[in-house]
Amino acid sequence: MNFKRSSILRMALMGAGEGDQEKVSRESFLVRAVKIALVVTLYWFISITMVFLNKYLLDSPSLKLDAPLFVTFYQCVVTVVLCKGLSLLTHVVPSHILEFPSLRFDLKVLRTVLPLSIVFIGMITFNNLCLKYLGVAFYTVGRCLSTVFNVLLSYIMLKQTTSMYALMSCGVILGGFWLGIDQEGAEGTLSWAGIFFGVLASLCVSLNAIYTKKVLPAVDGSIWRLTFYNNVNACFLFTPLLFIFGEVGTLFTFDKLFAFSFWGMMTLGGIFGFAIGYVTGLQIQFTSPLTHNISGTAKACAQTVLAVMYYHQIKSFLWWTSNLMVLGGSFSYTWVKGLEMKKSQGETNQSQSNGEKNSVGV
């Protein structure tokens, strides 16, 4: 069979075009994979560093500062300043470089957000107190009950039921929690105060998620506006607490109060606290909520291993088992809920499709 020169040329060009498209597709996939890896790495770095930094500020033998409320209060102040600063920068920086909502002090919005702010204060305060008394290695187990409280509060407040597989995952988490307490007690390092604050922190994390959904419409659905108003309220609410719990007097007797290194570490802690909100949103944007939760579980595992190595601790087999149970149960719960959401979304799409067919007719 004879081919015309034009036919041969066309076939060659088509082949070259397909090859170019495949090459571009491979390059775009590689670029996206690199971006995802960088975002996940950034999330891990900021989250783990923030925990170790807070541990230093809250319970360092070299710092000797017993003022957990002041540390938390100062981090809220830094967040407010950063939010307002970025909002002002949008007036001079083009929107394609910096995108941040406009912020102003609105008393009506502050009052609307106040119930959430009270829960928010409890969440960050009890988190820091849990970290202060338990340490980094046991921190994941100490405040692991947020998933269990999510199930309980969803049923009590929202009348939402939970599947058997999700409840079994919660059972594994509870088993790991109690085994971890038993092993910490056996090693003589258990702090019941830390466990108490960890349970309260877990409860507040769950309440915070529920109230956030209710309050978001008041700030036009903007997480950054909510962050700003939440932290403004927190600054006002923390002020009397500093006097009530005597932390103002503690600060006046603190020998490093005017040390640049101390305020540098405090400010850095506030910056990392602000940044974790940004990188969390970034990780969800580049992956998915399910992948973000799985990444968070893996990060907690890495954080525990790093803490044991950094503080030169030796843990028993059952202690590690308790951590694996908590992390495994959390991973299982996240995976089950992801499958359930996917199935529910598929059923919704199917019913919509059937409805459209019925409306059109045969």
Side-chain angles (χ1 to χ4, degrees), residues 47 51 119-120 122-124 126-127 129-131 134 136-185 190-192 194-214 280 283-284 287-305 315 317-345 347:
S47 182
V51 171
V119 174
F120 172 73
M123 181 181 72
I124 57 178
F126 294 137
N127 257 329
L129 287 171
C130 174
L131 182 60
L134 286 186
V136 180
F138 197 61
Y139 178 62
T140 300
V141 175
R143 51 174 300 279
C144 69
L145 297 183
S146 56
T147 301
V148 178
F149 280 121
N150 278 341
V151 172
L152 288 173
L153 294 176
S154 294
Y155 180 74
I156 294 170
M157 299 177 68
L158 306 175
K159 306 303 178 186
Q160 293 178 353
T161 57
T162 306
S163 68
M164 181 57 67
Y165 289 113
L167 289 174
M168 288 171 64
S169 300
C170 290
V172 174
I173 294 171
L174 280 170
F177 177 70
W178 287 113
L179 180 61
I181 290 175
D182 176 72
Q183 290 304 299
E184 281 286 301
L190 178 66
S191 166
W192 282 107
I195 295 296
F196 175 71
F197 289 129
V199 171
L200 289 178
S202 300
L203 174 61
C204 288
V205 167
S206 301
L207 286 171
N208 186 73
I210 291 171
Y211 278 105
T212 295
K213 292 179 182 178
K214 293 183 177 181
T280 296
Q283 182 169 245
I284 293 172
T287 57
S288 68
L290 175 63
T291 306
H292 164 68
N293 287 333
I294 292 171
S295 172
T297 303
K299 186 273 306 180
C301 181
Q303 181 177 287
T304 301
V305 173
K315 300 295 183 182
F317 173 77
L318 287 177
W319 187 93
W320 286 108
T321 302
S322 71
N323 276 266
L324 289 174
M325 286 176 69
V326 167
L327 294 170
S330 301
F331 174 84
S332 173
Y333 179 85
T334 300
W335 188 261
V336 167
K337 295 301 287 185
L339 291 176
E340 289 175 358
M341 287 176 65
K342 190 174 180 181
K343 182 181 178 182
S344 176
Q345 188 177 9
E347 290 174 353

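Residues passing the salt bridge (charged side-chain N to carboxylate O under 4.0 Å, His left out) test with Lys315 are Glu184, Glu187, sequence neighbours excluded. Annotation: side-chain hydrogen bond (donor to acceptor under 3.5 Å, both in side chains) contacts of Thr321 (sequence neighbours excluded): none. Remark: Cys170 pairs with Thr147, Val148, Val151, Tyr333 by the side-chain contact (heavy atoms from CB on, under 4.5 Å) rule, at least two apart or across chains. Listed by chain and residue number, Tyr43, Ile276, Ile284, His292 satisfy the side-chain contact (heavy atoms from CB on, under 4.5 Å) test with Thr280 (two or more places apart in sequence, or in another chain). Under the side-chain hydrogen bond (donor to acceptor under 3.5 Å, both in side chains) criterion, Ser47 pairs with Lys299, sequence neighbours left out. Not counting sequence neighbours, the partners of Asn208 by the side-chain contact (heavy atoms from CB on, under 4.5 Å) test are Leu116, Val119, Phe120, Met123, Thr212.
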Do any side-chain atoms of residues 136-145 form donor-acceptor pairs under 3.5 angstrom with protein atoms, and if so which ones, sequence neighbours left out?
residue, atom, partner, partner atom, Å
Tyr139, OH, Asn127, OD1, 3.3
Arg143, NE, Asn127, OD1, 2.6

Distance-only donor-acceptor hits, side chain of residues 171-182, under 3.5 Å, sequence neighbours excluded:
none

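More than 12 heavy atoms of other residues, nucleotides or ligands shown are found within 6.0 angstrom of CZ on Phe149. No more than 12 heavy-atom neighbours from other residues, nucleotides or ligands sit within 6.0 angstrom of CE on Met168.
Expressed to the nearest 0.5 Å, how far CD1 of Ile195 lies from SG of Cys130 amounts to 7.0 Å.
Pairs of residues two or more places apart, or lying in two chains, that qualify as side-chain hydrogen bond (donor to acceptor under 3.5 Å, both in side chains) and include a residue from residues 197-207 are Asn150-Ser206. Residue pairs meeting the side-chain hydrogen bond (donor to acceptor under 3.5 Å, both in side chains) criterion with at least one partner in residues 162-174, sequence neighbours excluded, are Ser163-Glu340, Ser169-Ser332. Counting only residues at least two apart or in different chains, salt bridge (charged side-chain N to carboxylate O under 4.0 Å, His left out) contacts with residues 149-174 are absent.
Side-chain contact check for Phe331 versus Leu327: every heavy-atom pair is 4.5 Å or farther apart. Two residues are said to be in side-chain contact when any heavy atoms from C-beta on lie closer than 4.5 Å; Leu131 and Phe197 fail this criterion.
Contact record, Cys204 with Phe126: SG-CD1, 3.9 Å, taken as the closest heavy-atom pair.
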